[in-house]
Colleague: 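Sharing a structure below in structure tokens format, with a few things to ask.
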2 protein chains.
Amino acid sequence: MGLDPGRRSIGARRNPDSADAILDAAEAVLVEAGYSGFSIEAVARRARAGKPTIYRWWPSKAALLFDLYQRLKRVDYPDTGNLEDDLVGFLKSLFSHWRETSSGSIFRSLIAEAQSDATVAAVLAEYTKGRHAHTGQMIERAKARGEVAADVDSTLVADLVASFAWTHLLTNRLDEDETTLRRAVGYLLKGIEADDAGSVDAAAVRRRRRRVVGRTTR
Amino acid sequence: MGLDPGRRSIGARRNPDSADAILDAAEAVLVEAGYSGFSIEAVARRARAGKPTIYRWWPSKAALLFDLYQRLKRVDYPDTGNLEDDLVGFLKSLFSHWRETSSGSIFRSLIAEAQSDATVAAVLAEYTKGRHAHTGQMIERAKARGEVAADVDSTLVADLVASFAWTHLLTNRLDEDETTLRRAVGYLLKGIEADDAGSVDAAAVRRRRRRVVGRTTR
DNA sequence: TGCACGAAACGGACCGTTTCGTTTCGTCGA
DNA sequence: TCGACGAAACGAAACGGTCCGTTTCGTGCA
């Protein structure tokens, strides 16, 4: 929370009831009216608060959304000793959290807001960097167990996983069943290439990489 | 274009110059002022057109954006005979198209707009479904060549590839070099799991799939 | 004569800010 | 110990501004 930055001496303190009422109202407005109906005026009305009070503590609509999101966000980064289960568990946890709380709407709104406000984009980038680090650790653990190749870029893998989650959030597809999640994770872990004949050994299969420069046709 | 639906008899026809001027102005405004500055008023001002003229032909800001996007969109779906090259080529083509024309800004705006307007979301979903079909065909071709396992869900793979593209668009990361793209595609094609010892054959490596039910810990 | 056009204006919503009177709460002196 | 004082936060109202989507008007083309 952006509380009490430049307090000098005496005077009334920030009213925590008011702050709570505003956050509660913000969440309610977002859920009931959606992102398009989410305005500072609407939040103030609902919270029976003055607009200046909101602007005093939150510099922008996005700051309010961020506080709102962090008030809810609790997602598991499982550690089962098996990367597939870790990733599937993470996605399941994230999707249901987004689905069943207002977190989904909030995060969607933040991403949308970031498209028209560079400041929000920067903060969001910082935030997701931290999140990717968590996911990356799951992969690094698997690497340490010898489950994942040593030269794998765990940041990039985390990026791929998060991308999947983001797009499904943005396109209202948070209802994927576990089978689909497991399949998607499976592709990432084991690839989609055919096993060829059973006689060819693994290394050879993977080494068969044509580096054709590939003039792209229309 | 949403042109001339209920024309009855005589009278002045739609002025194509005006339509072009509006689309040109819309593109210019979007590029110069960004999505936050992209308003019907601004477009009308720039095009020296009346707002009613715009509203007459485009029911919403999003419809204008769609027309704008389709005026530019030309992306390659390469067919090199090798899936990795196809996918990398596709991503390269898409990223550079988004980067070097106004397409990127336009599509970003469309996605953002879809977050606050269900109609736009529906149209966008329809559109992307068509695009995924194109990507899916690349995978199906590879399947026909025996390059990809027969039971792979090509729609889901297309979804993963598109997700990567979307997030990079939305987070201003369209400048990935070919190496990174190739790596990302490689993970999807070949997986990230370790090859284990060189002695183990491919099928065995891939068959070693632990289906642990995996109680997720905190 | 019918329709598209540009221009102007409409009421309404929201923006971010300012003004006002009130309330809350440290502080300091009596 | 207590009450006056002042700084700061508060709710309410109003500001000028922008944009929304619509209506009205006069002009011009077919």
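Quick note on labels: first sequence line is chain A, next is B, and so on, each numbered from 1.
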Colleague: Give the rounded distance in Å between these two atoms: CH2 of Trp58(B) and P of dA4(C).
Modeller: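 Going from Trp58(B) (CH2) to dA4(C) (P), I get 14 Å.
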Colleague: Is the shortest side-chain N/O distance from Trp57(A) to OP1 or OP2 of dC10(D) below 4.0 Å?
Modeller: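 Answer yes for this pair, as a side-chain N or O of Trp57(A) is under 4.0 Å from OP1 or OP2.
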Colleague: What's the CD1-C1' distance between Ile54(B) and dT22(D), to the nearest Å?
Modeller: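 For the pair Ile54(B) CD1 and dT22(D) C1', the rounded distance is 14 Å.
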Colleague: Looking at dC19(D), I'd like to know if its phosphate oxygens (OP1 or OP2) sit under 4.0 Å from a side-chain N or O belonging to Arg45(B).
Modeller: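 Indeed, a polar side-chain atom of Arg45(B) lies that close.
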Colleague: When the distance from CG of Asp17(A) to P of dG11(D) is rounded to whole Å, what number comes out?
Modeller: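 Answer to the nearest Å: 10 Å.
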Colleague: Counting heavy atoms from C-beta on, name the nucleotide in dA13(D), dC20(D), dA8(C) closest to the side chain of Tyr55(B).
Modeller: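 Looking only at side-chain atoms, Tyr55(B) lies closest to dC20(D).
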Colleague: What does the inter-axis angle of the helix from dT1(C)-dA30(D) to dA30(C)-dT1(D) come out as, five pairs per end, nearest 10 degrees?
Modeller: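 End-to-end axis angle for the helix from dT1(C)-dA30(D) to dA30(C)-dT1(D): 0°, rounded to 10°.
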Colleague: Applying salt bridge (Lys or Arg N to Asp or Glu O under 4.0 Å) between Asp24(B) and each of Arg71(B), Arg46(B), Arg48(B), report the one that passes.
Modeller: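 In the set Arg71(B), Arg46(B), Arg48(B), the residue that makes a salt bridge (Lys or Arg N to Asp or Glu O under 4.0 Å) with Asp24(B) is Arg71(B).
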Colleague: Taking the inter-plane angle between the rings of Tyr77(B) and Phe90(B) on a 0 to 90° scale, is it parallel (under 30°), tilted (30 to 60°) or perpendicular (over 60°)?
Modeller: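 Ring orientation, 0 to 90° scale: parallel.
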Colleague: When you compare the side chains of His168(B) and Asp175(B), does any donor N or O come within less than 3.5 Å of an acceptor on the partner?
Modeller: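 No.
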Colleague: Output the single nucleotide from dT22(D), dA9(D), dC15(C) whose closest atom is nearest the side chain of Ser39(A).
Modeller: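 Closest nucleotide to the Ser39(A) side chain: dC15(C).
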Colleague: Would you say dA4(C) has OP1 or OP2 under 4.0 Å from some side-chain N or O of Thr53(B)?
Modeller: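 No, no such contact exists.
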Colleague: Any side-chain N or O of Arg56(B) less than 4.0 Å from the OP1 or OP2 oxygen of dC5(C)?
Modeller: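 Indeed, a polar side-chain atom of Arg56(B) lies that close.
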Colleague: Going through the distances and angles, do Ser163(A) and Thr167(B) end up as a side chain to side chain donor-acceptor pair (under 3.5 Å)?
Modeller: CA-CA 6 Å; Ser163(A) 293; Thr167(B) 4; 2.7 Å; yes
Colleague: Please report the distance, rounded to the nearest Å, between NZ in Lys51(B) and P in dA9(C).
Modeller: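 In whole Å, dA9(C) P and Lys51(B) NZ are 13 Å from each other.
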Colleague: Nearest whole Å is fine: how far is dA7(C) P from Ile22(B) CD1?
Modeller: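 Interatomic distance, CD1 of Ile22(B) to P of dA7(C): 12 Å.
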Colleague: Between dC19(D), dC15(C), dA13(D), which nucleotide gets closest to the side-chain atoms of Glu41(B)?
Modeller: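 When the side chain of Glu41(B) is considered, dC19(D) is the closest of dC19(D), dC15(C), dA13(D).
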Colleague: Do Leu170(B) and Leu170(A) touch side chain to side chain, with heavy atoms closer than 4.5 Å?
Modeller: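 A side-chain contact exists here, since the closest heavy-atom pair is under 4.5 Å.
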Colleague: Quick one: Leu64(B) CG to dG21(D) P, roughly how many Å, whole number?
Modeller: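 From Leu64(B) CG to dG21(D) P: 12 Å.
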Colleague: Which of parallel (below 30°), tilted (30 to 60°) and perpendicular (above 60°) describes Phe95(B) and Phe164(B)?
Modeller: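 Parallel, since the angle between the ring planes stays under 30°.
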Colleague: 5'-most contact on DNA chain D: Ser36(B) or Ala49(A), nearest heavy atom basis?
Modeller: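 Result of the comparison: Ala49(A).
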Colleague: Are the aromatic ring centres of Phe66(B) and Trp58(B) under 6.0 angstrom apart?
Modeller: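 Ring centres of Trp58(B) and Phe66(B) not closer than 6.0 Å.
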Colleague: As a test of reading the structure: which of dC10(D), dC15(C), dC19(D) is closest to the side chain of Asn15(A), going by heavy atoms?
Modeller: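 The answer is dC10(D).
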Colleague: Out of dA7(C), dG16(C), dC20(D), which has the shortest distance to the side chain of Ile40(A)?
Modeller: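 It is dG16(C).
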Colleague: What is the distance, rounded to the nearest whole Å, between atom CG of Asp117(B) and atom C1' of dG21(D)?
Modeller: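 It works out to 14 Å between those atoms.
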